[in-house]
Amino acid sequence: MTQLVPPAPDKLLPCSFYQQPVTDVARNLLGKLLVRSHDGLRASGTIIEAEAYRGEEDLACHAKAGYTRRTAVMYGKAGTSYVYFTYGMHWMLNIVCEDTGFPAAVLIRAIVVVEGSDWVSDNRPSVSPKHWCDGPAKLTRALQIDGTHNGLDLCIQPDQLWVEEGIKIDDSQVNQTPRIGLGNVPEPWLSIPWRFHTSILNTLIPR
DNA sequence: GCGACGATGGGCT
DNA sequence: GCCCATCGTCGCA
């Protein structure tokens, strides 16, 4: 029988964590633990890279197209998952932020695996641990996150996916750069430094 | 280690 | 029909 592994109530991040300016949330997610429950077992990783996407004015944000079937969840409640499909083969995990009705989300770009490395290893065959989760589509593959995980509440009694308190990342360990992979996006959105990452955990990744 | 490039399909104009 | 919030593989150093 499967063993239930709910989030520890005192560690689960509340909705209020996400109902903040999306750039603050992206910064503050560094060091937090992304948890995937699968068959009653936990797999998790510390978030080391995240990007903010904010509003219909942000021409890198999907919400630039306005309210559509795809972007609808971004207009929903803070703490909801936004998982979308791109490049014909990749799933991306975002978390909705700010006030309901205003489209904003944080893209989780990279994690360092903490729990469930056996399962992750199975999900990333013939890939070295260093590259298991060092990209947004890699971590969704590693944690088996796909379109069925779109629109989930990650705060109120989450079932398969949530975020817990983790380690403290000091400001001196946070790098801030333009967002990755934007291509044809005009300024100022192309260069606005809404990507946050830390290399403090790099030494912990086995090769 | 690094740069080039093809794969591949939904969303939107 | 064009555009992607990308990845893995290949060739080369």
Side-chain angles (χ1 to χ4, degrees), chain A residues 18 21-27 29-30 34 45 47-76 78 80-98 102-113 120-152 154 161 163 175-199 202-203 205-207:
Chain A
Y18 304 104
V22 65
T23 47
D24 292 350
V25 179
R27 155 66 180 90
L29 276 173
L30 300 183
L34 176 67
I47 297 169
I48 59 167
E49 182 178 349
E51 287 176 354
Y53 291 84
R54 188 178 194 278
E56 297 177 352
E57 312 75 31
D58 176 3
L59 295 181
C61 181
H62 289 165
K64 71 182 180 203
Y67 187 94
T68 67
R69 196 155 82 204
R70 185 200 209 192
T71 62
V73 284
M74 290 188 78
Y75 291 78
T80 303
S81 61
Y82 169 43
V83 180
Y84 69 87
F85 184 70
T86 193
Y87 290 110
M89 60 188 92
H90 300 305
W91 295 100
M92 304 283 163
L93 171 65
N94 301 249
I95 305 177
V96 175
C97 295
E98 304 207 19
F102 182 85
V106 170
L107 169 68
I108 310 299
R109 287 193 57 90
I111 64 174
V112 176
V113 172
V120 168
S121 179
D122 289 344
N123 293 333
R124 305 284 289 134
S126 68
V127 176
S128 69
K130 184 178 177 60
H131 297 296
W132 275 350
C133 297
D134 61 344
K138 296 183 183 182
L139 73 89
T140 57
R141 174 64 64 106
L143 297 181
Q144 289 189 14
I145 294 167
D146 59 28
T148 65
H149 302 95
N150 187 36
L152 300 180
L154 306 187
L161 200 59
V163 184
N175 306 306
Q176 210 177 328
T177 76
R179 295 170 290 185
I180 301 293
L182 264 42
N184 225 5
V185 172
E187 299 291 0
W189 310 110
L190 183 64
S191 301
I192 199 166
W194 284 358
R195 169 176 177 255
F196 301 83
H197 64 111
T198 180
S199 52
N202 276 1
T203 55
I205 308 177
R207 274 175 301 149

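All values derive from a computational prediction rather than experimental measurement.
No donor-acceptor pair under 3.5 Å is formed between the side chain of A/Ser191 and the backbone N or O of A/Pro188. In terms of modelled atom types and a separation under 3.5 Å, the side chain of A/Ser81 and the main chain of A/Leu154 share no donor-acceptor contact.
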- request: Sugar-phosphate means primed atoms, P, OP1 and OP2; the rest is base. With that split, encode nucleotides 7-13 of chain B 5' to 3' as B, S or - using protein heavy atoms under 4.0 Å.
  value: BBBSSS-
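Using a 30° and 60° split on the angle between ring planes, A/Phe85 and A/Trp91 fall in the tilted class, from 30° to 60°.
A 4.5 Å side-chain heavy-atom check between A/Pro129 and A/Val113 finds every atom pair outside the cut-off. Counting heavy atoms from C-beta on, the side chains of A/Pro136 and A/Leu107 come closer than 4.5 Å. In this structure, A/Leu93 and A/Leu143 have side chains that are not in contact, with every pair of non-hydrogen atoms separated by 4.5 Å or more. Looking at A/Tyr84 and A/Arg70, their side chains come closer than 4.5 Å, going by heavy atoms from C-beta outward. Using a 4.5 Å cut-off on side-chain heavy atoms (C-beta onward), A/Tyr82 and A/Asn150 make contact. Between A/Ser121 and A/Trp132 the shortest side-chain heavy-atom distance falls below 4.5 Å.
Both A/Gly181 and A/His131 lie near DNA chain C, and the one whose nearest nucleotide falls closer to the 5' end is A/Gly181.
Annotated stems with DNA chain B as a participant read B:1-7 with C:6-12, B:9-12 with C:1-4, given as range with range, by first number; only runs of 3 or more Watson-Crick or G-U pairs under 3.5 Å qualify.
Base contact: A/Asn94 has a heavy atom under 4.0 Å from a base atom. The residue A/Gly183 sits apart from the nucleic acid: no heavy atom pair falls under 4.0 Å. Among the protein residues, A/Arg124 comes within range of the sugar-phosphate backbone only, with heavy atoms under 4.0 Å from sugar or phosphate atoms but none that close to a base.
A salt bridge is defined here as a Lys NZ or Arg NE, NH1 or NH2 lying under 4.0 Å from an Asp or Glu carboxylate O, and A/Lys138 with A/Asp134 meets this definition.
Non-hydrogen atoms lying under 4.0 Å from DNA chain C are contributed by A/Gly135, A/Pro136, A/Ala137, A/Lys138, all within residues 134-144 of chain A.
If you walk DNA chain C from 5' to 3' and mark each nucleotide with an atom closer than 4.0 Å to a heavy atom of chain A, the marks span C/dC4 to C/dG8.
Considering CD1 of A/Ile47 and CG of A/Leu29, their distance stands at 4.5 Å, rounded to 0.5 Å.
Residue pairs meeting the salt bridge (Lys or Arg N to Asp or Glu O under 4.0 Å) criterion with at least one partner in residues 50-59 of chain A, sequence neighbours excluded, are A/Glu51-A/Arg109, A/Arg54-A/Glu98, A/Asp58-A/Arg179.
Among residues two or more places apart in sequence or in another chain, the ring pair (Phe, Tyr, Trp, His ring centres under 6.0 Å) test is passed with A/Tyr67 by A/Tyr75.
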